[in-house]
Student: 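After the structure tokens below, expect a handful of questions from me.
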Amino acid sequence: MPILSRRDWLRNAGMGTAVLSFAPGLLSTGLLAEEPRVPDHSRNNVSDEDEIALGNRFAAELEKESPIVSNSTIDPYLNSIVQELASKSQRPNMPYNIKLINTYDVNACSLPGGAMYCNRGLLEVVTSEDQLVATLAHEIGHVVGRHVINKIMLSFEAKALLKPVLDNLHKKNGVIEKIILEMGGAVAMLAMLHFSRQDEAQADLLGFYEMWRAGWDPHGFVKMFAMLDKIEKASGGINIPFLSDHPPTPERLAAMKHELTQVRIPSDARTDSISFHKCKAMAHFLPAPPPKPRKPQSKG
Ligand SMILES: [Zn+2]
């Protein structure tokens with residue numbers, strides 16, 4: 001499938017050839033940075049407050065099903081990256097946070113409202129900070145683009161459960177938990193979201209600009225895709241959840257390379273850090289992951 005041109009993406013995003021208006025500083029550099037502008041409302045007009053409430057319910061269920069692991073070095077490090085990226089996103093006021101899941105599957109995912117998860121496996125395969133930052137920026141892009149909340153609402157709609165979900169969102173009566181359980185549990189529901197190729201490409205672009213504005217070198221996207229592509233090929237088609245529902249890696253790689261021609265990267269843009277390597281070293285001392293659950297991994 002051909003990669004959509006910048007104009008196609010802008011048209012699909014309903015923004016014509018709009019220039020990102022909240023980054024006037026970019027214009028003073030003489031560059032015309034463009035980025036998809038995301039709609040300011042979700043499908044079904046779910047408010048931010050409702051999205052956050054639903055995300056909290058999903059997070060609680062996901063954490064019952066997944067081996068969350070805490071580490072006093074890794075947790076603050078991951079959270080500081082997420083806060084920096086989110087503050088430079090088009091949706092900076094959501095309660096973003098990130099936790100580590102003790103599994104070797106190479107993946108990261110985000111929930112409505114900004115709760116995020118990074119698998120230990122991802123931390124172990126990335127070789128420099130910018131690759132990790134690109135992955136997390138992509139996940140923030142899914143929250144910013146309201147892809148996660150929209151897809152989850154669609155899943156509820158498909159089962160005629162939207163009304164009971166919205167009616168009980170702020171009630172602690174067990175209804176939401178029962179619905180999530182009846183739909184297979186939080187992890188299975190997230191695994192079946194199937195973001196569209198447009199959502200994935202938009203999350204890449206949104207992430208690219210978050211990363212760039214936050215002072216990292218967005219070549220990290222290219223490095224991350226190249227690394228994942230290599231792993232995928234070397235393993236003879238291992239299922240990397242982060243890639244399995246995404247456009248083929250070479251296409252995403254080409255799209256990011258194109259985007260790199262559109263911006264000026266400062267010479268001091270960040271690519272790596274001592275903190276990153278400390279965290280990678282620390283990951284070796286985490287307890288062994290518990291036996292792998294039979295349920296599918298959530299998609300990134
Ligand atoms: Zn994605």
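As the structure lists them, so they are numbered: ligands from 1, and atoms in each ligand from 1. All values below were derived from every heavy atom in this structure, side-chain atoms included, with hydrogens, water molecules and symmetry-related copies excluded.
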Student: Check this for me: does any side-chain nitrogen of one of E51 and R91 sit under 4.0 Å from a carboxylate oxygen of the other?
Tutor: yes
Student: State whether E84 and K88 are salt-bridged, where the test is any N-O pair (Lys NZ or Arg NE/NH1/NH2 against Asp/Glu carboxylate O) under 4.0 Å.
Tutor: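 K88 and E84: not salt-bridged.
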Student: Checking salt bridge (Lys or Arg N to Asp or Glu O under 4.0 Å) against K223, which of D130, D217, D229, D272 comes through?
Tutor: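 When salt bridge (Lys or Arg N to Asp or Glu O under 4.0 Å) is applied between K223 and each of D130, D217, D229, D272, only D130 qualifies.
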Student: Strictly under 2.8 Å, is any N, O or S atom of H138 next to the Zn ion (ligand 1)?
Tutor: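 An N, O or S atom of H138 is closer than 2.8 Å to the Zn ion (ligand 1), so yes.
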Student: Is E139 close enough that one of its N/O/S atoms sits under 2.8 Å from the Zn ion (ligand 1)?
Tutor: no
Student: Name the orientation class of the two ring planes belonging to H142 and F195 (parallel below 30°, tilted from 30 to 60°, perpendicular beyond 60°).
Tutor: parallel
Student: To the nearest 10°, how many degrees is the angle E200 OE1 to the Zn ion (ligand 1) to H142 NE2?
Tutor: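 Value returned, to the nearest 10°, is 90°.
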